[in-house]
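Contents: one structure, followed by commentary.
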Amino acid sequence: MVRENKKLVEEVSGWLRVFDDGSVDRTWTGPPEVKFMSEPVAPHKEFVNGVATKDVIVDESSGLRVRIYLPEQKPEGHDDTKLPIILHFHGGGFCISQADWYMYYHIYTKLARATNAIVVSVYQRLAPEHRLPAAIDDGYTSLLWLRKLALGEQNEPWLLSYADFSHVFLIGDSSGGNIVHHVAARAGTVDLSPLRLAGGIPIHPGFVRAERSKSELEQPQSPFLTLDMVDKFLGLAIPVGSTKDHPLTCPMGPGAPPLDGLKLPPFLLCIASKDLIIDTEMEYFEAMKKANKDVELLINKGMTHSFYLNKIAVDMDPETASETEVLITRIKEFIKNH
């Protein structure tokens, strides 16, 4: 029997409503003119603007899927050239969005073309139905699936034909940047050979503390990150009874494993100068440097959280378009150098 009088217990403006029976409604209720960015894009195995896509199940028992972006090979390239793999973890505060959303499709098709790399984007489980570390588990399972392919234990024709498993990079937007850190840390405890984890690229990672930072109090809130989103999404995602000082959201804090004890690949940390959470992102950078980790820093000037995912701003604002190109170019250089 369907219960009609369920009560709303939590709401994140425009994005998410949680009810007392545990059900979750992710119907977009914000401005209709931006709804297209959260619409799913169907996979297409034919090349469209130089990229083909398909969805693949990587774990039959759980149904975990990934979306693969394959760039079309340039005629001047050698037939035996293998392409780096970029394993992508989407953002959304661990609570919303999917790998097939248009906001990711528009930027990761572009990145696949620009870097001439295969992007593998994970359909992570979402909180609050699946609290952390579920999304991190899914990211790590996807990395281990790539290793199985490299060993010949699994079959995926696009990757077996075109991928260089010795050049695998992790990349993540916002909360996906947290997943980059934690998947890389797990990977450092095992032998992944013949796969090689060549680098990690957290973009505007959701590293925060329970106590408000100066930037949270002073920086302007943006469409892709408000204090309401920081507090409520993370509150729904971290283990019950935890605060934002939990290692999953504060890997540079006293409750987290010491960074100098982690075996991590080289990192490119990407930050926006007007990000609401820039202070704690920079705290993470300084902690990584202090721990003698190989970490580079890119700061996009004048930009807010996840600016490059905002297709409207990228199309309409020359500064946002320019900084998006700066971001893509730096990622391309990082991949080329590692």
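In what follows, every heavy atom counts, from backbone to side chain, and hydrogens, waters and symmetry copies are set aside.
Contact between Asn116 and Pro71 at its shortest, heavy atoms only, is OD1-CG, 3.8 Å. Cys270 and Pro205 make their closest contact through O-CD, 4.1 Å (heavy atoms, listed as atom of the first residue, atom of the second, distance). Minimum interatomic distance between Leu132 and Ala135 (heavy atoms only, all atoms of both residues): CD2-CB, 4.2 Å. Scanning all heavy atoms of the two residues, the minimum distance from Ala272 to Thr304 falls at CB-O, 3.6 Å. Smallest separation of non-hydrogen atoms from Ser175 and Gly93: OG-N, 3.1 Å. The two residues Ala198 and Phe169 have their closest heavy-atom pair at CB-CZ, 3.6 Å.
Asp25 and Arg17 are joined by a salt bridge, as a carboxylate oxygen and a charged side-chain nitrogen come within less than 4.0 angstrom of each other. A salt bridge links Asp231 to Arg212: one of the charged nitrogens lies within less than 4.0 Å of a carboxylate oxygen. A salt bridge is defined here as a Lys NZ or Arg NE, NH1 or NH2 lying under 4.0 Å from an Asp or Glu carboxylate O, and Glu218 with Lys274 fails to meet this definition. Between Asp279 and Lys214 there is no salt bridge, since none of the side-chain N atoms of the basic residue sits less than 4.0 Å from a carboxylate O of the acidic one. Using a 4.0 Å cut-off between charged nitrogen and carboxylate oxygen, Lys311 and Glu39 do not count as a salt-bridge pair. Arg65 and Asp55 are joined by a salt bridge, as a carboxylate oxygen and a charged side-chain nitrogen come within less than 4.0 angstrom of each other. Look at Glu211 and Lys244 and you find no salt bridge, because none of the NZ, NE, NH1 or NH2 atoms lies under 4.0 Å from a carboxylate O. Using a 4.0 Å cut-off between a side-chain N of Lys or Arg and a carboxylate O of Asp or Glu, Asp260 and Lys290 do not qualify as a salt bridge. Ion pairing between Lys301 and Glu319 fails under the 4.0 Å rule for side-chain N and carboxylate O.
Test Leu268, Ile335, Ile203 against Ile171 for side-chain contact (heavy atoms from CB on, under 4.5 Å) and you get one pass: Ile203. With His181 as the partner, the ring-ring contact (aromatic ring centres under 6.0 Å, His included) test is satisfied by one option alone out of Tyr284, Phe89, Tyr140: Tyr284. Each of His305, His88, His204 was compared with Asp173 under the side-chain hydrogen bond (donor to acceptor under 3.5 Å, both in side chains) criterion, and only His88 meets it.
Residues Leu298 and Leu269 form no side-chain contact, since every pair of their non-hydrogen atoms from C-beta on lies 4.5 Å or further apart. Between Asp275 and Ser215 the shortest side-chain heavy-atom distance does not fall below 4.5 Å. Contact annotation: the side chain of Met252 approaches that of Thr280 to within less than 4.5 Å [non-hydrogen atoms, C-beta and beyond]. Counting only heavy atoms from C-beta outward, the side chains of Lys110 and Glu325 approach each other to under 4.5 Å. In this structure, Phe267 and Ile201 have side chains that are not in contact, with every pair of non-hydrogen atoms separated by 4.5 Å or more. A heavy-atom distance below 4.5 Å is not found between the side chains of Val41 and Tyr104. Residues Lys289 and Val295 form a side-chain contact, since some pair of their non-hydrogen atoms from C-beta on lies under 4.5 Å apart.
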Handout entry: Full working for ring pair (Phe, Tyr, Trp, His ring centres under 6.0 Å) between His90 and Tyr123
Key = CA-CA 8 Å; His90 67 72; Tyr123 286 89; 7.9 Å; no
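Side chains of Ser61 and Asp59: a donor on one and an acceptor on the other come within 3.5 Å. With hydrogens and angles left out, the side-chain atoms of Ser23 and Lys6 include a donor and acceptor closer than 3.5 Å. With no hydrogens or angles considered, no side-chain donor-acceptor pair links His130 and Asp138 at under 3.5 Å.
In this structure, the ring of His106 has its center no less than 6.0 angstrom from the ring center of Phe36.
At distances below 3.5 Å, not a single donor-acceptor pair connects side-chain atoms of Arg26 with backbone N or O atoms of Leu16.
A continuous path of ILVMFWY side-chain contacts below 4.5 Å connects Leu227 to Leu234, so both sit in one hydrophobic cluster.
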